[in-house]
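Step one of this worksheet: look at the structure below.
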There are 2 protein chains.
Amino acid sequence: MFDVQLFLESAGLGRKVDKFRAKQTVFSQGDPATNVMYIQEGGVKLTVVNETGKEAVVALLGPGDFFGEGCLAGQSICIATATAISLTTVLVIEKNEMTRVLHEQHELSDRFIAYMLSRNIRVEEDLVDQLFNSTEKRLARTLLLLARYGAQGHPQSVIPKVSQEMLAEMIGTTRTRVNFFMNKFKKLGFVRYNGEIHVNNSLLSVVLHD
Amino acid sequence: MFDVQLFLESAGLGRKVDKFRAKQTVFSQGDPATNVMYIQEGGVKLTVVNETGKEAVVALLGPGDFFGEGCLAGQSICIATATAISLTTVLVIEKNEMTRVLHEQHELSDRFIAYMLSRNIRVEEDLVDQLFNSTEKRLARTLLLLARYGAQGHPQSVIPKVSQEMLAEMIGTTRTRVNFFMNKFKKLGFVRYNGEIHVNNSLLSVVLHD
DNA sequence: TGCCCATTGTCCAATATAGGACAGTCCCTG
DNA sequence: CAGGGACTGTCCTATATTGGACAATGGGCA
């Protein structure tokens with residue numbers, strides 16, 4: 001596996017490293033877009049707010065993911081807010097530098113293309129999910145994805161600290177609705193929770209059948 | 001502007017050209033994913049159906065757009081159905097060839113990265129729209145985008161032949177609902193239509209204020 | 001310990017949406 | 001010309017969703 005981090009460093013990029021505490025803002029919607037970020041450790045949440053102040057979570061990213069890449073396509077301002085969700089380390093790469101190295105270095109462009117392809121697939125899946133599934137199914141799917149369902153084939157996984165409010169913002173509904181379905185799932189034995197959420201494989205049945 | 005088509009041909013790729021009539025299928029959801037397509041002329045619609053047969057339109061593409069690129073990320077089967085929406089010419093590039101040339105040729109990888117970035121931005125916008133806008137706003141936005149609002153700054157644009165059924169699939173709702181809002185927009189003077197749809201700038205007011 | 005704050009559980013009324021049914025219109029084609 | 005097919009216009013009921021309010025819980029901190 002190609003090591004993006006070592007590569008970026010050896011190419012003279014990413015010498016700038018930033019650290020953020022949980023809940024700290026990396027950049028805000030509306031800021032000038034000048035850098036591409038690469039997550040070394042931790043996690044980042046991308047959110048968008050509309051005119052009325054309503055918030056939507058567009059993506060949750062982890063180590064190995066890029067963000068802020070919109071500037072490479074000519075976006076002059078950030079369309080989302082990036083917030084660290086735990087102690088996070090990012091490499092900061094200036095836009096023009098990134099463009100130059102993407103052009104010159106095959107390894108980086110290959111890796112970046114692979115990243116953009118997978119990211120695109122994920123966002124498209126989210127869109128399709130949104131286009132034809134009910135709130136209940138979307139919640140179930142989101143929980144399963146957060147639990148990295150299928151990664152190890154474990155019958156049960158744990159999601160650390162995601163509030164119902166945030167789940168609501170992720171699937172585009174209200175906390176009331178999330179609460180309603182979480183209790184339903186709990187009654188049916190699909191999930192358990194106190195601080196963490198335990199997701200059982202049986203939750204799949206919600207997503208799968210009609 | 002870099003000419004992808006000439007480039008692909010001179011690189012020995014895209015010698016295979018396919019033509020499709022309107023409504024003809026380029027590939028179907030579930031087919032083995034083996035080629036990347038590049039649209040020379042015409043237009044293509046990407047749709048996904050769920051278990052219940054409900055259909056969703058994921059994207060409308062035109063000349064200069066790629067599709068079927070999921071195979072480059074390791075997708076073994078097509079997750080969407082691609083249908084020509086008018087007389088369409090596409091270059092067909094075999095997956096491994098595309099991967100090889102993307103690695104070797106800066107011009108192509110630059111262009112492809114630019115394409116993936118812009119496509120990603122668009123899908124993300126669609127997702128955000130879906131996450132926090134009502135059916136009415138989503139319909140208004142979709143009509144404005146179809147009319148390429150702002151492209152020439154014309155106060156009015158024409159959309160050729162898009163049925164209410166298809167609009168419903170694009171914004172994830174029912175035809176009944178689309179019909180309801182189209183009539184509302186018509187009453188308010190935001191649109192006119194008989195076969196084509198005429199979209200007036202004033203439709204923007206629906207998207208803009210709460 | 002006691003207060004503050006973030007979160008969850010619950011309830012309710014007002015709306016939005018789905019989904020089906022059916023008539024009317026227009027165009028194409030036999 | 002008649003019939004069929006693809007759309008649009010309309011109506012109606014059942015359901016899903018919003019949005020607000022308020023109590024209960026539980027942890028962190030002065």
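Computation of the quantities below employed the complete heavy-atom set of this structure, encompassing side-chain atoms and omitting hydrogens, waters and symmetry-equivalent molecules. Order of the sequence lines sets the chain letters (A, B, ...), proteins ahead of strands, with each chain counted from 1.
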By ring pair (Phe, Tyr, Trp, His ring centres under 6.0 Å), B/Phe20 pairs with (sequence neighbours left out) none
For B/Phe112, ring pair (Phe, Tyr, Trp, His ring centres under 6.0 Å) partners two or more places apart
B/Phe66
Apply ring pair (Phe, Tyr, Trp, His ring centres under 6.0 Å) to A/Phe132 and list each qualifying residue two or more places apart in sequence or on a separate chain.
none
Spacing between B/Phe132 atom CZ and D/dG19 atom P, to the nearest angstrom
13 Å
Going by salt bridge (charged side-chain N to carboxylate O under 4.0 Å, His left out), name the residues that satisfy it together with B/Asp65, two or more places apart in sequence or in a different chain.
none
Can you run down the side chain to side chain donor-acceptor pair (under 3.5 Å) pairs that involve residues 69-91 of chain B, sequence neighbours left out, and say none if there aren't any?
B/Lys19-B/Thr89
Does A/Phe27 have any ring pair (Phe, Tyr, Trp, His ring centres under 6.0 Å) partners at least two apart in sequence or in another chain, and if so, which?
A/Phe67
In chain order, what residues pass the salt bridge (charged side-chain N to carboxylate O under 4.0 Å, His left out) check against A/Lys184, with sequence neighbours excluded?
A/Glu136
N/O-N/O pairs, protein side and nucleotides 9-14 of chain D side, under 3.5 Å:
from, atom 1, to, atom 2, distance (Å)
D/dG9, OP1, B/Lys186, NZ, 2.9
D/dG9, OP1, B/Tyr193, OH, 3.2
D/dG9, OP2, B/Gln164, NE2, 3.0
D/dG9, OP2, B/Asn179, ND2, 2.8
D/dG9, OP2, B/Tyr193, OH, 2.8
D/dG9, O6, B/Arg175, NH2, 3.0

Listed once per pair and sorted, the salt bridge (Lys or Arg N to Asp or Glu O under 4.0 Å) pairs that draw on residues 163-180 of chain A, sequence neighbours left out:
none
Heavy-atom distance under 4.5 Å between the side chains of B/Asn179 and B/Met182, does that happen here?
no
For A/Arg177 and D/dT15, what is the distance between atoms CZ and P respectively, to the nearest whole Å?
14 Å
Just the endpoints, please: which first and last nucleotides of DNA chain C, 5' to 3', lie under 4.0 Å from a heavy atom of chain A?
C/dT8 to C/dC11
Please give, in whole Å, the distance from D/dA16 P to A/Ile171 CD1?
15 Å
Angle between the end axes of the helix from C/dT1-D/dA30 to C/dG30-D/dC1, five pairs per end, to the nearest 10 degrees?
30°
With A/Glu97 via salt bridge (charged side-chain N to carboxylate O under 4.0 Å, His left out) - residues at least two apart:
A/Arg100
